[in-house]
Colleague: 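One structure follows; several queries about it will come next.
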Amino acid sequence: MSETWPACNKELTSITGYNRHLAKTTNPACRAVYLASQQFHSSPPAPDQQDNESNMDIGDVSNPDQSLPHFEGDFFGIYAKDELKWPVEFGDGGDVDNTPVDEGDSEDKGDAHNEWEPPLFASPHDTHKEDNKDEHDGTLDAQEPDARHRVEQHLYNAYAPFASKLDWDMARWAKLRGPSSTAFSELISIEVLQLSEMISLSFKNARELNNIIDHELPGLFDVYYCDIVECIKALFSDPNFADFLVFVPECHYADEDETVRLYHKMHTGKWWWNSQKHLDHECPGMTIIPIIISPDKTQVTLFCNKTAYPIYMTIGNIPKEISHVLLMYLPTTCLEHVTNKASQCRMLTNLYHTCVGRVLAPLAAAGINRINMRSGNGAMRRCHPLFACFAGDYLEQVLVTGVKTTQCPSCDVPSDELSLAADLNAVLNAFSALDEGGLAFVHACAEAGIKPIVHPYWEGLPFVNIFKSITPDILHQLYQGLIKHLLAWLSDAGTEHNQICCFLLGIIIDIRLPNNMSSARLLCAVRGLLDFLYLAQYPCHSSETLIFLDEALNLFHNNKDIFIDLSIWNLFNLPKLHFALHYAHMIQLYGTTDNYNTEYTEHLHIDLAKDAYCSTNHKNKFTQMTTWLKHREKIFRHEKYIQWRLTGTPHHPHHHHQPPEMSFCRTQTMTKLLSIKAVTLEKLTNEYGATYFRESLAHFIVKATLPPNTTITSRQLEDQAADMYLPFQTLPVFHKVKWISVDVHGHGNTLVTLDSVHAHPGCSRQFASDSVASRFDTAFINDSTGGLLGIKGYRIGQVRVMFSIPPKALAILFPQTFRPPKHLAYVEWFTAFHAPECNHGLRKVSCVIKDRE
């Protein structure tokens, strides 16, 4: 026998059907009855309300709009469209409202690039019928028709996603104490018992139960990390770093009057000085240990899109190029089972901060209470490890600070007004609103201009202003950001070249713009950006060079309208371009940009991520990767122990932390083997382009064999050179010379090739791909009067031949008191330098041959 339910006029045949209808319906009136019954059963009423509630008729719902609270959004409240701008790696669809975004930030950040919309739920004040699907369009998420019901379940039902305590107890028994899945399905489907109908289970078999567990219960993620305090101790107490450790901040000056301050290593910046000053007021004699964190997601396979998300760490007390350690592997999940993109983005962000916060949590107490640590020389020091810098690309900066995409991570203003600094107090007050409820929390974060992050990992760290801890990034902000944009703009202006960045200004000097427009502004804009790029990489800055840095950036901004006039680019509200305004201030705080450059961690991916992944069988990979890295670390440490046992403690001279020299130290090296053992003089003239090789070599020999303090006229030089006999017809030739870096500070750095000069003719072979084009490089040559800095005493020359005089000929051509250099070169000179041009700042030179030289 069926009865009609008055709230929605639906025919119900049993009490079970009534209970199931109330538990699953989306009708507002029925939901009001269900919620009232749940509150009645879950919490006893207050004594003064018992009489009123005992007379309530659950079937009398005369005005459902008054009894049901208004509900919109999800647990965190309503999402406005502009609040849901998230990094591309976390599912952002791209630009919003045509706001310019740097394209380089989207590389290697996952494949979640689908467009998404804010979740929209039906308002309980809108009356509708259950079986009318058209009235649901535009109010319920198409991917999640029961989204509102599930959210309400989590708010009012402690056992959600299970319908009741009995439903949860049955599921728990089935998975922890019950029989097999097949036996459980057969048990609850016995027709006589009808357990699923009798006790109103939300699942009818093991498959439906597994589906609830897989898709509606929260998952667990493994985080592989090291104890950050132990990592700090390992770096601080390493004997190999003992001679290079810095314990106190210093102020360096370039003049005796101390008016021009120098900035280079981190201890010369204002952040360390101000932090030390603050700590000394409370407890003098403390040692600050600046913590530098650098996350960088990377691909570990060429195919299959397998990724790793390592976070590296180092301390500012040791030289920047010495050592970084792997701190942790973050989960790389994209939470594909969460179909709502807004919820997915917020969950990924909170997962990131929860994991990093768990690892950095010991810094909160250690930064205030201090920890005692021994340095590499055995001295015990009272240390305060403080979070100092965050070095990462733009997407990671946005993720850490909580600002919206297209905004500056150091500025709390809209993307079209990137100029002001963020207010840390307002941000912390917004985060503290979490205790007031989800909607209040979201509204407070919206007013502060940040995303609703539940306890960001830096919230409880002492002396941390995360917006001032975001450091410049030469690699991603300049090379892969501004320079990439500049190359695209110039390409649209009509210039194309594979190596345009190497000689950019030289290419566009004679560029012809449409409508006979002057190229002066274009040259000034490009020059300003390139000057800023190279000035930002100085190993040592002074208060004067920081002025030059700002002037170079202003030169670009004053002339950037040329790209608008050429209809190439209209908006310059680029976050990376705006962040260039902070470079001078950040250098004053933390020293030069090489102290926190992300390029240092890029090469760590090979050893600590890619090679570690290749050592696994690709099953449960992170467990095997950490084990493999642990074994390697133990071998390295034992190797140091064996060296210490065999050789004792190595003696290093005391290291003085002086400003780095601006001179470019390098060592010239030739190839071990000759490129060609014997090349005829005729071939040098015809194929190598050394037109006056015989005459020039004869001039060199005559000048070298003159007695000291002897002068000779040009005519006499020509006559003696013409009579010179060369006792050889072939010469050994080198095709390449290299300049190798010098380990000036004795850090044990790997020597790398800084520059090279090639000089060889072309070679044609059967296949065009095997042919080699001729190459004769130009070089910046010291004419024996040049110094370490500046261009005075230097000229440009094109190298044609690099050779050696045979040993047998040396005894014939030169006296025993003089020995010429082992390696010689035939060079074609260019004209001397003249004054630079006003727009592009370059000096014009041209090839010239004078007196057969």
Side-chain angles (χ1 to χ4, degrees), residues 499 502-503 506 661 663-701 703-704 726 728 730-744 749-763 771-807 809-810 813-814 818-833 845 847-849 853:
Q499 296 179 344
C502 297
F503 33 86
E661 296 182 358
S663 59
F664 197 51
C665 299
R666 53 187 178 176
T667 302
Q668 176 179 309
T669 60
M670 305 295 294
T671 56
K672 294 182 179 180
L673 301 177
L674 292 168
S675 300
I676 301 179
K677 293 184 178 180
V679 179
T680 62
L681 301 182
E682 181 181 0
K683 192 174 182 179
L684 292 177
T685 302
N686 298 330
E687 297 186 10
Y688 285 78
T691 307
Y692 302 102
F693 183 83
R694 287 177 178 268
E695 294 82 353
S696 298
L697 181 58
H699 286 180
F700 172 77
I701 296 173
K703 292 180 180 180
L726 300 179
F728 49 79
T730 61
L731 288 174
V733 172
F734 298 87
H735 286 173
K736 182 179 180 181
V737 58
K738 298 188 297 183
W739 284 267
I740 308 298
S741 61
V742 178
D743 186 11
V744 179
N749 299 334
T750 302
L751 302 183
V752 296
T753 300
L754 300 175
D755 205 350
S756 62
V757 169
H758 298 253
H760 59 79
C763 178
S771 300
V772 179
S774 61
R775 178 175 176 180
F776 299 97
D777 292 343
T778 55
F780 202 55
I781 303 174
N782 189 345
D783 62 3
S784 73
T785 63
L788 295 176
L789 299 176
I791 63 173
K792 184 178 181 180
Y794 287 85
R795 291 182 63 181
I796 302 297
Q798 185 174 25
V799 180
R800 286 291 180 177
V801 181
M802 293 178 288
F803 63 98
S804 294
I805 298 178
L810 292 176
L813 297 175
F814 299 96
F818 175 80
R819 282 292 177 265
K822 184 177 180 181
H823 303 100
L824 300 172
Y826 176 88
V827 177
E828 291 184 351
W829 289 112
F830 284 68
T831 55
F833 293 116
V845 296
C847 186
V848 60
I849 299 178
E853 293 185 355

Colleague: Is the positively charged end of Arg800 above the ring of Tyr688, judged by distance under 6.0 angstrom from the centroid and angle within 45° of the axis?
Modeller: no
Colleague: Once you round to the nearest 0.5 Å, how far does CE of Met670 lie from CE of Met802?
Modeller: 5.5 Å
Colleague: Is the closest side-chain heavy-atom distance between Lys736 and Ser675 below 4.5 Å?
Modeller: no
Colleague: Closest heavy-atom contact between Ala759 and Val799?
Modeller: CB-O, 3.7 Å
Colleague: Test side-chain contact (heavy atoms from CB on, under 4.5 Å) on Phe728 and Leu813 and set out the steps.
Modeller: CA-CA 11 Å; Phe728 49 79; Leu813 297 175; 4.0 Å; yes
Colleague: Do the non-hydrogen side-chain atoms of Val733 and Leu684 ever get within less than 4.5 Å of each other?
Modeller: yes
Colleague: How far apart are the C-alpha atoms of Phe780 and Ile796, what are their side-chain angles, what is the distance that settles it, and do they pass the side-chain contact (heavy atoms from CB on, under 4.5 Å) test?
Modeller: CA-CA 5 Å; Phe780 202 55; Ile796 302 297; 3.3 Å; yes
Colleague: Determine the minimum heavy-atom distance between Thr691 and Tyr826, stating which atoms define it.
Modeller: N-OH, 3.7 Å
Colleague: Distance from Leu726 atom CG to Leu681 atom CG, nearest 0.5 Å?
Modeller: 7.0 Å
Colleague: Might you point out which heavy atoms bring Ala690 and Val801 nearest each other, and give the distance in Å?
Modeller: CB-CG2, 3.9 Å
Colleague: Can you see which heavy atom on Tyr794 is nearest to which on Gly786, and at what distance?
Modeller: CE1-CA, 3.8 Å
Colleague: Within this structure, what is the OG1-CG distance for the pair Thr680 and Asn686, rounded to the nearest 0.5 Å?
Modeller: 8.0 Å
Colleague: Show the nearest heavy-atom pair for residues Val827 and Gly797, with the distance to one decimal.
Modeller: CG1-CA, 3.6 Å
Colleague: Under 4.5 Å between any side-chain heavy atoms of Ser804 and His823, yes or no?
Modeller: yes
Colleague: Where do Thr753 and Ile740 land on the side-chain contact (heavy atoms from CB on, under 4.5 Å) test, with the steps shown first?
Modeller: CA-CA 5 Å; Thr753 300; Ile740 308 298; 3.6 Å; yes
Colleague: Using a 3.5 Å distance criterion without hydrogens, assess whether the side chain of Asp777 forms a donor-acceptor pair with backbone atoms of His758.
Modeller: yes
Colleague: Using 30° and 60° as the class limits, which term best fits the ring planes of His760 and His735: parallel, tilted or perpendicular?
Modeller: tilted
Colleague: Would the distance check show the side chain of Arg795 and the main-chain N or O of Phe830 forming a donor-acceptor pair, the cut-off being under 3.5 Å?
Modeller: yes
Colleague: Working to the nearest 0.5 angstrom, can you tell me the gap between Ile676 CD1 and Phe734 CZ?
Modeller: 11.5 Å
Colleague: Do Gln798 side-chain atoms and Phe776 backbone N/O form a donor-acceptor pair below 3.5 Å?
Modeller: yes
Colleague: Step by step, would you call Trp739 with Thr667 a side-chain contact (heavy atoms from CB on, under 4.5 Å)?
Modeller: CA-CA 5 Å; Trp739 284 267; Thr667 302; over 6 Å; no
Colleague: How many angstroms lie between CG in Leu697 and CG in Leu731, if you round to the nearest 0.5 Å?
Modeller: 7.5 Å
Colleague: Taking all heavy atoms of Thr730 and all of Pro806, pick out the closest pair and write down the distance.
Modeller: O-CG, 4.4 Å
Colleague: Surrounding CD of Glu682 (heavy atoms of other residues, nucleotides or ligands, distance under 6.0 Å), is the total greater than 12?
Modeller: no
Colleague: If you round to the nearest 0.5 Å, how far is OG1 of Thr685 from CD of Glu695?
Modeller: 8.0 Å
Colleague: What about the rings of Phe803 and Phe693, do their centers lie closer together than 6.0 Å?
Modeller: yes
